[in-house]
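What you see is a predicted model, and the numbers here were worked out from it, not measured in a lab.
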Amino acid sequence: GAPASQTGFGTFNISSTVPTRTGYTFVGWSSVYPSDIADFQPKEMIAIDANITLYAVWQANTYNVKFNANGGTGTMSNQSFTYDTAKALTANSFTRTGYTFLGWSTSSTATSATYTDKQFVKNLTTTNGGYVTLYAVWQKDPVTVSSISIATKPTKIEYYVGDTFSSNGLTIKAVMSDGTIKTLTSGFTVSKPNMSTAGTKTITVTYSGKTATFTIKVIEKPVTPDIPEEFVFSIQEPSRIEIRNKDGIVLHTVVEGELPDGARIEWSWDNNKFD
């Protein structure tokens, strides 16, 4: 947009036409190049006695960047920039619980970042003294398991040696990273105890990398005595009889004959025949 060449001698007015340059402000004309100082202004009268070339003098525009937390918390100061000069964005200091900072965007609804944290940028606007707002872009963190605990132990927690362990009835409580709590009856793994020996066994429950434990008791199976189906013994007449209040009749009797270990004697009588 430079004005057309002018022809004359002596004195004349410089053209009023002002050239333009993206991102820069025109400050006047200079007779030397390069120069950041303007010697003449449009419409100014000058005197010449020879050909002269006037060069436009430009000043790069400056602008400011505002940082918007966009749902996060914290404060960040505005940052100034000069057109055509790259500069690193101020390091992000905003935070948002449950979210990860991805970067910056000029849109508050963006789901992906246009600029990363501390990225070198330039020419975000051409307006001198203008403002550009960069909005923080957040990504919601996936909900993870913070910890687990045993909510309900299995229905059966006592076994004999050689029995098969069962986790039926087991429930766990999972505390999630977002503060919610889940009660689970499946989806977790349960370690298998050694059921071939007696003792207290620790069972480990694992869910999403977190563990909790509980114990079961394994005891020796009782030995069943080898009792023959028939054996001979005799019971004498009661040696004495005691009458007790509330308890009724107590019979004291002697068994003649050897009984195997674990055997027991039961007897009954007919109340109708008792005097």
Pair Asn61, Thr25 - check side-chain hydrogen bond (donor to acceptor under 3.5 Å, both in side chains), show working.
CA-CA 6 Å; Asn61 292 341; Thr25 297; 2.6 Å; yes
Hey, are the side chains of Ser147 and Lys210 touching, using non-hydrogen atoms and a 4.5 Å cut-off?
no
Starting from Val190 and following side-chain heavy-atom contacts under 4.5 Å between hydrophobic residues (I, L, V, M, F, W, Y), which residues can be reached?
Val143, Val145, Ile148, Ile150, Ile157, Tyr159, Val161, Phe165, Leu170, Ile172, Met176, Leu184, Phe188, Met195, Ile203, Val205, Tyr207, Phe214, Ile216, Val218
Spacing of Lys173 atom NZ and Thr152 atom OG1 [to the nearest 0.5 Å]
10.5 Å
Would you say the side chains of Asp39 and Ser30 form a donor-acceptor pair under 3.5 Å?
yes
Side chain to side chain contact (heavy atoms under 4.5 Å, CB included), that's the test. Do Asn78 and Phe67 meet it? Break it down for me.
CA-CA 7 Å; Asn78 294 344; Phe67 298 96; 5.7 Å; no
Shared hydrophobic cluster, Trp104 / Val65 (ILVMFWY, side-chain heavy atoms < 4.5 Å)
yes
To the nearest 0.5 Å, how far apart are CD1 in Ile219 and NZ in Lys217?
6.5 Å
Where Ala88 and Lys118 come nearest, the two heavy atoms and their spacing:
CB-O, 3.6 Å
Return yes when atom CG of Asn194 has more than 12 non-hydrogen atoms of other residues, nucleotides or ligands closer than 6.0 Å, and no otherwise.
yes
Closest contact, heavy atoms only, Gln41 versus Glu44:
N-OE1, 2.8 Å
Apart from Phe40 itself, its cluster of hydrophobic side chains linked below 4.5 Å comprises Phe12, Ile14, Val18, Tyr24, Phe26, Trp29, Ile46, Ile48, Ile52, Leu54, Trp58, Tyr83
Exam field: side chain Thr73 to backbone Thr95, donor-acceptor pair closer than 3.5 Å
yes
Worked verdict on Ser107 versus Thr109 for side-chain hydrogen bond (donor to acceptor under 3.5 Å, both in side chains)
CA-CA 5 Å; Ser107 170; Thr109 59; 3.1 Å; yes
Quick check for you: to the nearest 0.5 Å, what is the distance between Arg96 atom CZ and Asp141 atom CG?
10.5 Å
NZ (Lys201) and OG (Ser191) are apart, to the nearest 0.5 Å, by 11.5 Å
Hey, could you give me the OG1/CG distance between Thr100 and Leu102, rounded to the nearest 0.5 Å?
7.0 Å
Other cluster members, Val57 - Ile/Leu/Val/Met/Phe/Trp/Tyr, side-chain contacts below 4.5 Å:
Val27
Rounded to the nearest 0.5 Å, how far does CG of Asp163 lie from NZ of Lys221?
6.0 Å
Might you point out which heavy atoms bring Tyr115 and Val121 nearest each other, and give the distance in Å?
CD2-CG1, 3.6 Å
For the student: nearest non-hydrogen atoms of Ser108 and Asn70, plus distance:
O-ND2, 3.1 Å
Mind checking side chain to side chain contact (heavy atoms under 4.5 Å, CB included) for Thr202 and listing every partner two or more places apart, or none if nothing turns up?
Thr213, Thr215
Shortest non-hydrogen separation from Ala60 to Thr82 and the atoms involved:
CB-CG2, 3.7 Å
Which atom names give the shortest non-hydrogen contact between Asp117 and Phe101, and what distance separates them?
CB-CE2, 3.8 Å
Verify the ring-centre separation between Trp138 and Phe94: is it less than 6.0 angstrom?
no
Distance-only donor-acceptor pairs under 3.5 Å for side chains of residues 125-136, two or more places apart:
residue : atom : partner : partner atom : Å
Thr125  : OG1  : Thr127  : N            : 3.3
Asn128  : OD1  : Thr62   : N            : 3.1

Is the shortest side-chain heavy-atom distance between Asn168 and Pro154 below 4.5 Å?
no
Is there any side chain to side chain donor-acceptor pair (under 3.5 Å) pair reaching into residues 7-17, and which pairs are they, with sequence neighbours excluded?
Ser15-Thr17
I would like to know whether Lys87 and Gln79 meet side chain to side chain contact (heavy atoms under 4.5 Å, CB included); could you show each step before the answer?
CA-CA 10 Å; Lys87 188 176 181 179; Gln79 186 179 12; 3.8 Å; yes
